[in-house]
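The structure under discussion appears below in the form of C-alpha cells.
Bear in mind that the values here come from a model prediction, so they are computed numbers and not experimental data. Below, read A as the first sequence line, B as the second, and so on, with proteins coming before strands; counting in each chain starts at 1.
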Amino acid sequence: MAGKTLFDKIWDTHLVREEPDGTTLLYIDRQLVHEVTSPQAFEGLKLAGRRPRRPAATLAVPDHNVPTTDRRLGIADAISAKQIQTLEDNCRDFSITLFGMNDIRQGVVHVIGPEQGFTLPGTTIVCGDSHTSTHGAFGALAFGIGTSEVEHVLATQCLVQKRPKTMEIRVDGVLSDRCSAKDIILAIIGKIGTAGGTGYVIEYTGSAIRALSMEGRMTLCNMSIEGGARAGMVAPDEKTVAYIKGRPLAPKDALFEQAVRAWKQLKTDSDAKYDATLVMRAEDIAPQVSWGTSPGMVLGVDQRVPDPATMTDDNTRKATERALEYMGLAANMPIADIRIDTVFIGSCTNSRIEDLRLAASLAKGKHVAKTVHAMVVPGSGLVKQQAEQEGLDKIFREAGFEWREAGCSMCLAMNADVLKPGERCASTSNRNFEGRQGAGGRTHLVSPAMAVAAAVEGHFIDIRHWS
Amino acid sequence: MQAFTTLTGLVAPLDRVNVDTDQIIPKQYLKTIKRTGLREGLFFDWKKQKDGSPDPQFFLNQARYQGATILLTRDNFGCGSSREHAPWALLDQGFRCVVAPSFADIFYNNCFQNGILPVVLTADEVLAMMHEVLATPGYQLTVDLGKQTVTTPSGKICTFTLDPFRKDCLYRGLDSIGLTLQHESAISAYEQKRQAEAPWLFTDIPS
Ligand code: SF4
C-alpha cells in the first residue's frame, strides 16, 4: 500500500461517511466564530429551530469591527456595535464561549486560536474566514468556509466535502539575512499566481520551512489562500509540541502525553505521492514587495515595476495596466523608489509577539520619517500585554509609531482605521485588493522588517543591506 | 433554498480576471446581520466615478444590461475573502448564474448554498461569448442544469461538468443541513469511536 501524506492522514481520520462518488461527510473538531460572518448562521439556526451540536467545540471572538483606540469609549459606529452585540447575544443564547471586546484574551481570531491552545495538530478546524489556513501551521487541516457552512457545522459538527488534491511546496536552503516567512509566502504566490493552488491543499516542506518558528509557519500558512489553496499545512515537530504545552485550552498531563504520541505520527510517509510539487531555494528569495492589486503581483525589492507593454498575454497586460493605474505607479520604476505615506504593522499574518520583537529591534533608536504615519496593532490583548512587559511599546512610541489595541484594524478597515483615497501604505497584512484598506487606498504587502525600514526611510529599501 | 433547473436570461459581461470578493461587495456592507438588501453594495467601487456619480462605462449602469440574470466573467472569479455576502449581493441584484473559465473555491461553494449556479466553461467558449455579448444587445443564454448545457442565441451548445451531489441539491433546492442530519447515527458513532482514540479533543472549553 502506498504511503500517506500528512493531509491524507488527517482526512482519513475525519471521515464520517463517504459516498461512492467521493462525496464525504467530514467531521469538524473545532470551529472559530467572529462577528462578521456568523449573524446569518445563528439566525438560520433559530429559524429552523436547531441547536449547536457541540457548543463546547466552538470559540467566538469579535475582531473585525472592534476599535483599536480606547475601548472604554465604546464603539462609535452604531452598526458595528450592533454586529458585536449580536455576536454576544448569540453566544449567550447558544452557550458558546466568547472572549468579549474587553477580555484580555480578545484578538484576531487566527491569533487567539493558537495562543489559547485551541488549535491542535491533526484536527479539522474551520471558521467563516478565509485565513483559517493559518492554523495549518500546527499540522491541522484548517480552512475557511462561508456563512451557510458555519451554520452547517454548528448544527451538525460536519461538512460535506470532496477530497482536494495535494501539493508539496518544498523550500530548501537558508533565507538571506532579515528575510522571513512573509517573504517566502509572497515569493511562492508570485510564482504560482493567485489561482495556482485552487483545488489543492498545500503542504510546506524542506529545510527552510523546518527552520521557521511556529509563528513564522503561521505567517506562511496564513497566506495559502492568497495562492488559491484553501489550506496549507506544516507537519508538527518538537517546536509544535513545545509551543502548545501549557496553553490554557491545550490538553494537560496524561492527556497531553497521549496527544503528543499521536501527533508524532502526523507526517507524510516517505513513499507517499503528492499530486503536484514545487521546489524553491530560500537563497533566491529577496525581501518581497507587492506592487499591484492582487497578492500575485509581487517582486523582490531589488526589481522594477513591470511594464505592460512587454506583455503578450492580453488578460495579464490589461490587469497590469489597471493595477498600475490604480496604484499610481509608472512602469519600470525601481520598487525601492516607491514612497509611502502610511505603515501598518498588524493583521493575522504578522501581529504576533515575534513579529513585534523583530520590528521593535529594527525601530530601536530610529525614527519614523516626517512624511509617514505609522501604527502597530498587536494581534491580541495578550500579545499586547507581553509586548508591554518587554518594553516594546516604548520603543515603538519613541520611534514615532502609534501603539494600538488588538484587532483586525487597517487590514480591512472595517473599523475607524482607514486609508484615504490615494494614500500609499506599506502593510504587513495579506491583501492588496483595490480599496481593501480604504476606498482608493494603495497597499503594498511586505514583511514587518520591510515595513519598519520603509517607515524610517519613507520609501522601500532592501533590508539585507540596511544599517 | 430556491431550486435551479433551467434559466433563459439576459447576460451581463464583466471582462476582468481575478475579481475578488472585496470588489464584489466591499467591507462597509459586511456590517449587516441580514442576507438581503446587499444589491446597493454590489461592485460598489467599480460602479462609481471618482466624483461619486455612476460610471456610465460600468455594465451595471447600462440600460442594455438591466434585468440581467446571468453574469459572464473571466478566470478566478470570487477569489479572496470567504464572505458569503458576495453571492448574496449577486442574488439581490437578480443574478442566478455566473459563467466563467474558473472560480475560487470558497465562492464556488457559497454559490450552491444560495441557489446560484456557477458554470465553468473553457476560456475559449467564454471569450467567444464575451465578444458576442458586447456586440449583441439583448444577448441571452439558456442554461440547463439537468442536461448541463449552455446554449447561445445562434444555437451553439456548450456542456459543463459539476459534482453530482451539488447538482442534485441545487436542482431540487434541498436543505443541506437537513440532509446531513439524516446521518445522525453515523455522526454519533464517529464521535464515540473518535473519543476513545483522541479523548483530548472532547474536553470542553471552559468559559
Ligand atoms: S486580520 Fe485581516 S485577514 Fe486577518 S482575519 Fe482580520 S481582516 Fe481577515
Residue from B:Lys50, B:Glu191, B:His85, B:Lys193 scoring the most non-hydrogen pairs under 4.5 Å with chain A is B:Glu191
Count the heavy-atom pairs under 4.5 Å between each of B:Phe103, B:Trp88, B:Phe44 and chain A, then report the option with the highest count. B:Trp88
Test salt bridge (Lys or Arg N to Asp or Glu O under 4.0 Å) on A:Asp314 and B:Arg74; report intermediate values, then the result. CA-CA 12 Å; A:Asp314 214 37; B:Arg74 298 294 198 125; 5.9 Å; no
If you count heavy-atom pairs within less than 4.5 Å of chain A, which of B:Asp75, B:Asn18, B:Thr32 leads? B:Thr32
A:Phe118 portion near chain B, given a 4.5 angstrom heavy-atom threshold: side chain
Are A:Arg53 and B:Ser188 close enough that a side-chain donor and a side-chain acceptor fall under 3.5 Å? yes
What part of B:Arg35 is in contact with chain A, defined as an atom under 4.5 angstrom from a non-hydrogen atom: side chain, backbone, both or neither? both
Under the 3.5 angstrom rule, does the side chain of B:Asp22 hit a backbone N or O of A:Phe433 as a donor-acceptor pair? no
I'd like to know if the side chain of B:Lys31 and the backbone of A:Met414 have a donor-acceptor N/O pair within less than 3.5 Å. yes
Is NZ or CZ of A:Arg322 both nearer than 6.0 Å to the six-membered ring centre of B:Trp46 and within 45° of the ring axis? yes
For A:Gln85, which atoms come within 4.5 Å of any heavy atom of chain B: side chain, backbone, both, or neither? neither
Ion pair check, A:Arg50 and B:Asp175, cut-off under 4.0 Å: yes
So what's closer than 4.5 Å to chain B heavy atoms on A:Ala48: side chain, backbone, both or neither? neither
Using non-hydrogen atoms and a 4.5 Å limit, figure out which bit of A:Arg436 sits close to chain B: side chain, backbone, both or neither. both
Between A:Ser148 and B:Glu84, do the side chains contain a donor N or O and an acceptor N or O under 3.5 Å apart? yes
